[in-house]
Amino acid sequence: MTRVTLLAGGVGGAKLAEGLAGIPEIALTVIGNVADDEEFHGLWVSPDIDTMLYTLSGRVNRDQGWGLADESNRALEMLNCLGANTWMFLGDRDFGLHIYRTERLRRGDRPSDILTDIASKLGINSKIVLPTDAKVQTRVLTDGGWLSFQEYFVRERCQPEVLELSYDGLELSKITAEAELALNEAELIIIAPSNPLVSILPILKIPGFHAALQNATAPIFAVSPLIAGKALKGPADRMLTSLNYRADSVGVAHFYENIAAHFLMDSHDFGLIDEVSKLGMQAYIADIFMPDLEGKVRLAREILELYKNVSRVDSK
Ligand code: GDP
Ligand code: CA
């Protein structure tokens, strides 16, 4: 068994998580992102964590990559009829999860414990852990002012230009014991091809997280979410550009240069190998596109093989 710890956001992260979970010789722990969390209709919604839960329990809507398969929206219909704001899509069965989580939070249960129970009740074999039990929320500055992350992402459909990002609550947060243990005990650590700015940075910036990564003995591999400078889905490329970062795999690698020693990118980005190497990382060309389950498992296996080669060299 190889103990693998994956740092991941929502849809892009869950794709690689599903691939890793599909390899029998891997014991997977996912450290998810809570910075997309927001309250809707009095309920605490945790979109990235829920995408991971639905994906790893085989319940995800495969066409969307998020939400539940076989879902209805009657609760939202009623909320709409009552004049509530219903731009955030929340399905009926999905509501059940938000009700359960919120009720336990009100009772004072620790977010990490609630998540462990939910994952176990959904029959998930991998571990999913929170990077922090505190509230950390990404906020997005647009020319219309500061928005919550979901206002930007869902209500405004990522249309406004992102002028600045802030991660509210970071100062008061700290890494969970579970995340620290997952980094400490890992034999291989992977940073998923998630949005670096709004999925991975809000994890890395949690006080104690960076130190825990540096204390970890496992080699760290990061996978680019961009192919030929384009995000496969979502606003990562446009966000990088508007915040004055390079919108390509080199731009992404910059965020991980003092963290990950290994970086995977697509064959379209062959020309960027030298620049990534100059950041002190070992660059690899790999098939990082995961259009289906086969693609997800193929990439997961490829990373596992690269890891095995690295550890073989190290132990010589
Ligand atoms: P979100 O929280 O749902 O937005 O998802 P993530 O932050 O985890 O992932 C979003 C990123 O996943 C986007 O920047 C996409 O480019 C990337 N992505 C989606 N599908 C793939 C894929 O098949 N391969 C790779 N390498 N990246 C992908
Ligand atoms: Ca997200």
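Ligands are counted one by one from 1 in listed order, and the atoms in each one are counted from 1 as well. Along the sequence shown, residues carry numbers from 1.
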Closer than 4.0 Å to some heavy atom of Ala231 - which atoms of ligand 1 meet that? 14 (O), 16 (O)

Determine whether Leu279 and His254 make a side-chain contact, defined as any pair of heavy atoms from C-beta on separated by less than 4.5 Å. yes

Out of Pro235, Ser194, Ser249, Ala236, indicate the one that has the non-hydrogen atom closest to atom 14 (O) of ligand 1. Ala236

Near Lys15 (heavy-atom distance under 4.0 Å), the atoms of ligand 1 are 20 (N), 21 (C), 22 (C), 23 (O)

Between Pro225 and ligand 1, does any nitrogen or oxygen pair lie at a separation below 3.5 Å? yes

Is there a polar contact between ligand 1 and Pro193, counting only N or O atoms under 3.5 Å apart? yes

From the candidates Ser199, Ala192, Gly9, the one that places a heavy atom nearest atom 7 (O) of ligand 1: Ser199

Going by an N to O cut-off under 4.0 Å, is there a salt bridge joining Arg3 and Glu185? no

Asp36 atom (N/O/S) at minimal separation from the Ca ion (ligand 2): OD2

Identify, by atom number and element, the atoms of ligand 1 in contact range of Phe289, meaning under 4.0 Å from any of its heavy atoms. 23 (O), 24 (N)

Look at atom 21 (C) of ligand 1 and find which of Leu232, Asp292, Ile288 reaches it with the closest heavy atom. Leu232

For Asn195, counting its heavy atoms only, list the atoms of ligand 1 lying under 4.0 Å from any of them. 6 (P), 7 (O), 9 (O), 10 (C), 11 (C)

Honestly curious: do Ile175 and Ile114 fall in one hydrophobic cluster under the side-chain, below-4.5 Å linking rule? no

Is Phe255 close to Leu240 at the side-chain level, that is, under 4.5 Å between some pair of heavy atoms? yes

If you count the atoms of ligand 1 from 1 in the order shown, which ones are under 4.0 Å from a heavy atom of Gly12? 5 (O), 6 (P), 8 (O), 9 (O), 12 (O)

Any atom of ligand 1 sitting under 4.0 Å from a heavy atom of Asp48? yes

Looking only at the side chains, is there a donor atom on one of Ser249 and Ser224 sitting less than 3.5 Å from an acceptor on the other? yes

Quick one: which ligand 1 atoms are inside 4.0 Å of a heavy atom on Gly13? 8 (O)

Report yes if Val11 has an N/O atom closer than 3.5 Å to an N/O atom of ligand 1; otherwise report no. yes

Any side-chain heavy-atom pair from Asp94 and Glu71 closer than 4.5 angstrom? yes

To which protein heavy atom is atom 4 (O) of ligand 1 closest, and what is the distance rounded to 0.1 Å? Phe153 CZ, 4.0 Å

Pair Tyr100 + Trp44: ring centers closer than 6.0 Å: no

Looking only at distances, can you tell me whether any N or O atom of Gly10, backbone or side chain, sits closer than 3.5 Å to an N or O atom of ligand 1? yes

Which of the atoms in ligand 1, numbered in the order shown and given with their element, are less than 4.0 Å from a heavy-atom of Lys233? 13 (C), 14 (O), 15 (C), 16 (O)

Would Met290 count as a polar contact of ligand 1, with the cut-off being nitrogen or oxygen pairs under 3.5 Å? yes

Give me the ring orientation class for Phe95 and His98: parallel if the planes are under 30° apart, tilted from 30 to 60°, perpendicular past 60°. perpendicular

Under 4.0 Å between a Lys/Arg side-chain N and an Asp/Glu carboxylate O for Lys230 and Asp248? no

On the 0 to 90° scale, with breaks at 30° and 60°, tag the Phe263-Tyr256 ring pair as parallel, tilted or perpendicular. tilted

Taken in chain and number order and not counting sequence neighbours, the residues that satisfy salt bridge (charged side-chain N to carboxylate O under 4.0 Å, His left out) with Glu77 are Arg74

